[in-house]
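When reading the values below, keep in mind they use all heavy atoms of this one structure, side chains included, and skip hydrogens, waters and symmetry mates.
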Amino acid sequence: MSQANALTESLIERNKKYAAENHKPMPLLHGADGKLRRGTGVLVVTCLDPRIVPEVFLGFRQPGFDPIALPVVRVIGGRAKHAVTNIVGLDAAFGIDMIFIVHHTGKLSVVYRVIMQLTCLSDCGLTHNTDVSLKATLKDKLPGETARVEELSFHAIAQLGESVSEDMQYLREHPLIKKNMTLRGFLYHIHSGLLEEKS
């Protein structure tokens with residue numbers, strides 16, 4: 001059995017244990033009148049990196065905090081262009097008033113100049129790759145699909161922080177995002193666990 005297959009079987013067994021020992025039935029999406037309930041109005045868009053778990057670092061699924069039902073859209077790099085279909089669909093279904101865009105950094109390096117300065121290093125997969133490099137890898141894996149691969153855009157991140165601002169600007173200008181949508185953008189520092197707001 002391959003490592004991936006073995007892990008998959010382990011996950012299925014973990015689900016059985018969870019269902020038997022921890023699971024509590026969840027409320028239905030619709031009320032007694034059959035209509036969908038409106039959500040909290042807040043949506044989190046972030047990276048699908050398994051280290052980036054907003055349910056934990058925002059405290060809405062953590063012991064010791066009151067649980068909050070917040071939808072989370074996870075896409076490569078946390079990029080808004082990959083998430084826009086989900087954003088528009090969730091707004092239509094449940095109503096979204098605010099979008100939290102969260103990109104993430106890596107470890108901290110300490111630089112001593114006149115005073116100590118902390119510089120955040122990139123550690124998102126989209127900061128280690130470019131669209132060109134990703135397409136080259138795919139073309140090697142899928143030699144008969146070069147034309148389709150060329151149509152893809154991964155929106156690699158050249159500069160963290162600026163990437164958050166770019167995504168907010170993209171959503172502000174998108175014709176399907178309502179003009180009164182509130183947008184807030186953050187870098188999540190995986191070393192400290194803190195958010196740094198970007199404008």
Side-chain angles (χ1 to χ4, degrees), residues 1-15 43-58 70-93 96 99-109 119-177 181 183-191 195-196 198-199:
M1 181 182 291
S2 73
Q3 182 178 355
N5 283 336
L7 178 56
T8 299
E9 292 303 316
S10 172
L11 293 174
I12 293 169
E13 291 305 312
R14 288 173 183 234
N15 169 253
L43 169 67
V44 179
V45 176
T46 195
C47 185
L48 46 70
D49 185 317
R51 300 169 299 172
I52 310 307
V53 186
E55 293 88 342
V56 174
F57 67 75
L58 294 178
L70 290 184
V72 177
V73 173
R74 292 178 174 86
V75 292
I76 185 170
R79 300 311 308 257
K81 289 182 179 179
H82 297 306
V84 71
T85 300
N86 295 279
I87 294 169
V88 172
L90 285 165
D91 187 30
I96 300 297
I99 301 170
F100 259 53
I101 298 169
V102 183
H103 296 182
H104 68 93
T105 65
K107 64 183 180 178
L108 293 176
S109 67
T119 305
C120 296
L121 298 180
S122 302
D123 199 35
C124 175
L126 279 190
T127 64
H128 295 295
N129 292 280
T130 65
D131 274 34
V132 171
S133 67
L134 291 169
K135 288 179 181 181
T137 301
L138 285 173
K139 288 173 187 176
D140 287 342
K141 291 182 176 183
L142 304 165
E145 300 294 342
T146 298
R148 291 188 183 187
V149 169
E150 277 300 327
E151 294 173 1
L152 298 174
S153 294
F154 297 100
H155 309 293
I157 295 174
Q159 184 64 49
L160 275 170
E162 289 181 14
S163 59
V164 176
S165 301
E166 289 167 2
D167 279 8
M168 288 195 291
Q169 189 62 29
Y170 169 77
L171 292 177
R172 286 189 193 104
E173 295 174 353
H174 198 286
L176 299 182
I177 302 296
M181 182 75 77
L183 303 171
R184 296 185 70 177
F186 302 86
L187 281 180
Y188 170 64
H189 296 282
I190 65 173
H191 180 82
L195 293 173
E196 176 189 351
K198 297 292 180 179
S199 57

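- In this structure, the separation between NZ on Lys135 and OG on Ser153 is 5.5 Å, given to the nearest 0.5 Å.
- Without hydrogens or angle criteria, Asp91 side chain to Ile96 main chain gives a donor-acceptor distance under 3.5 Å.
- Taken from CZ in Arg184 to OG in Ser199, the straight-line distance is 11.5 Å, to the nearest 0.5 Å.
- Of all heavy-atom pairs between Gly77 and Cys47, the closest is N-SG, 3.6 Å.
- The heavy-atom pair separating Phe154 from His82 by the smallest distance is O-NE2, 2.9 Å.
- Pro71 approaches Leu43 most closely through the heavy-atom pair O-CD1, 3.5 Å.
- Listed for the His189 side chain is no donor-acceptor partner under 3.5 Å among the backbone atoms of His191.
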Open item on the list: Walk me through whether Leu90 and Val73 qualify under side-chain contact (heavy atoms from CB on, under 4.5 Å).
Closed with: CA-CA 10 Å; Leu90 285 165; Val73 173; 3.9 Å; yes
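- Summarising the geometry of Tyr188 relative to Leu195, their closest heavy-atom pair is CB-CD2, 3.9 Å, with the distance given to 0.1 Å.
- Scanning both residues, Gly78 and Ile101, for their nearest heavy atoms gives O-CG2, 4.3 Å.
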Task: Verdict with reasoning, Leu11 to Arg14, per side-chain contact (heavy atoms from CB on, under 4.5 Å) - done: CA-CA 5 Å; Leu11 293 174; Arg14 288 173 183 234; 4.2 Å; yes
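- At least one side-chain heavy atom of Arg74 sits under 4.5 Å from a side-chain heavy atom of Pro54.
- For the side-chain hydrogen bond (donor to acceptor under 3.5 Å, both in side chains) criterion with Asp167, the lone passing option out of His155, Arg79, Lys81 is Arg79.
- Nearest heavy atom pair, residue Val84 against residue Tyr170, reads CG1-OH, 3.9 Å.
- Taking Thr46 as the reference, nothing meets the side chain to side chain donor-acceptor pair (under 3.5 Å) condition, with sequence neighbours excluded.
- His103 contributes no side-chain N or O that, together with a main-chain N or O of Gly161, makes up a donor-acceptor pair within less than 3.5 Å.
- For the pair Phe57/Val102, a side-chain contact is recorded, criterion being any heavy-atom separation below 4.5 Å from C-beta on.
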Task: Derivation and outcome, side-chain contact (heavy atoms from CB on, under 4.5 Å), residues Leu134 and Leu152 - done: CA-CA 10 Å; Leu134 291 169; Leu152 298 174; over 6 Å; no
Donor-acceptor pairs are to be reported for all side-chain atoms of residues 140-150 against protein atoms at under 3.5 Å, with residues two or more places apart or in another chain.
unit_1	atom_1	unit_2	atom_2	d
Glu150	OE2	Lys139	NZ	2.3

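- Two residues are said to be in side-chain contact when any heavy atoms from C-beta on lie closer than 4.5 Å; Arg172 and Ile177 fail this criterion.
- Applying the side chain to side chain donor-acceptor pair (under 3.5 Å) rule to Glu151 yields no partners; only residues at least two apart in sequence or on another chain are considered.
- A donor-acceptor contact shorter than 3.5 Å is absent between the side chain of Ser10 and the backbone of Ala6.
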- [ ] Test side-chain contact (heavy atoms from CB on, under 4.5 Å) on Glu9 and Glu13 and set out the steps.
- [x] CA-CA 6 Å; Glu9 292 303 316; Glu13 291 305 312; 5.5 Å; no
